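Not measured: the values here are computed from a predicted model. Sequence positions, counted from 1, serve as the residue numbers for this chain. Hydrogens, waters and symmetry mates play no part in the numbers below; they use all other heavy atoms, side chains included. All ligand and atom numbering here is 1-based and tracks the order in the structure.
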Amino acid sequence: MNAFTLKRRAIMLSAVAGASSMFLAGGGGVAQAQTPASAIGGNTGHYRFRIGDISATVLSDGIIEGPPRVYASDAPEAELQAVLQQAFLPTDHMTLNLNTLLIETGDRRILIEAGAGATMGPNGGRIFDNLAAIGLGPDDIDTIVISHTHPDHVGNLRAADGGRAFPRATVFVPKADWDFFVRTDPDLSYMPVPEEFRLRFAANIKNSLEPVMNHVELYEAGAEIVPGLTTIVASGHTPGMATFLVHSGSDQLLLTADLAYHPVVNVDNPWLPGPDRDKESALASRRRIFDRAAADRIPVLGFHFPFPGIGHMLKTDTAYAWVPANWQF
Ligand SMILES: [Zn+2]
């Protein structure tokens, strides 16, 4: 039995939920998973629920994709391939969702994350259709709160004509990200992507934020944005990244932003996202916030997790396991 098999067995024994309980089922040489069905379109991209008195709706902005290696930078190649196959995922690319959250509290409509729009591929920008599906338009959004300024979180702020896509919204941006990505030309050489991608990535951040320059409120992570929405320090992925706690009465929802990209590679397996600028700080933030979610049994929304991205973080002997919540009608 080699070290890899031992590790897999340890994971199998410790995990109590999710795909990891199926580890080893196929032994070596697992065949590529088949796609069970091709989507024909028209499926829902919004999911409504309540957090105490707050009405909440996950609004999908669509999906983005990238090489699995980018999202699991320290995974041994053979192990990464095996984990993806065993989780019935493609091995040549990873699909990430864009789960923005609309919260309606009092007379305010607050959007948490703006989504990617067209900045990260052709399958973003669906938030406007999903807003329309619940009877709202971009005019109805008063406030937008951004966890960090990567393009998949700010892309929709710029309309096709270069103006403000959400014409009435004040945009809350973490100050340290504004200083790093907007006020200067950041050195992004830490990102494990081609130079051409890095340049486009940096330009997309400035382009997306340019129309809202005069409507930005800079915040320090830890601040309360409005009663019921608190930001939590989670730096590492970017200098200013925050996560969020939405709370009302005894109900809470913890948003993990980009502490993890996909539960299979960053929760069920504790691999480090390549785009984390300071991997040690990001790891410390991830553990601190996942531990809190697990210990206090707080429901979690993962921005990039499979739609609608709601579930629980379970602490295992070796790491964590992602437990998706049941769908509610
Ligand atoms: Zn992201």
S.K.: Kindly assign one of parallel, tilted or perpendicular to the pair F172 and Y219, based on the angle between their ring planes and the thresholds 30° and 60°.
M.R.: tilted

S.K.: Taking the N/O/S atoms of D152 one by one, which is nearest to the Zn ion (ligand 1)?
M.R.: OD2

S.K.: Should the ring pair F201 and H150 be called parallel, tilted or perpendicular, given that the plane angle runs from 0 to 90° and is split at 30 and 60?
M.R.: perpendicular

S.K.: With the Zn ion (ligand 1) as the point of reference, which N/O/S atom of D258 is the closest?
M.R.: OD2

S.K.: Could you give me the CA-CA distance, side-chain angles and deciding distance for E210 and K206, then say whether salt bridge (charged side-chain N to carboxylate O under 4.0 Å, His left out) is met?
M.R.: CA-CA 6 Å; E210 191 266 333; K206 288 189 166 75; over 6 Å; no

S.K.: So, 2.8 Å as the limit: is an N/O/S atom of H148 located closer than that to the Zn ion (ligand 1)?
M.R.: no

S.K.: So Y190 and F180, would you call those rings parallel, tilted or perpendicular, with 30° and 60° as cut-offs?
M.R.: tilted

S.K.: Is H153 close enough to the Zn ion (ligand 1) that one of its N, O or S atoms comes in under 2.8 Å?
M.R.: yes

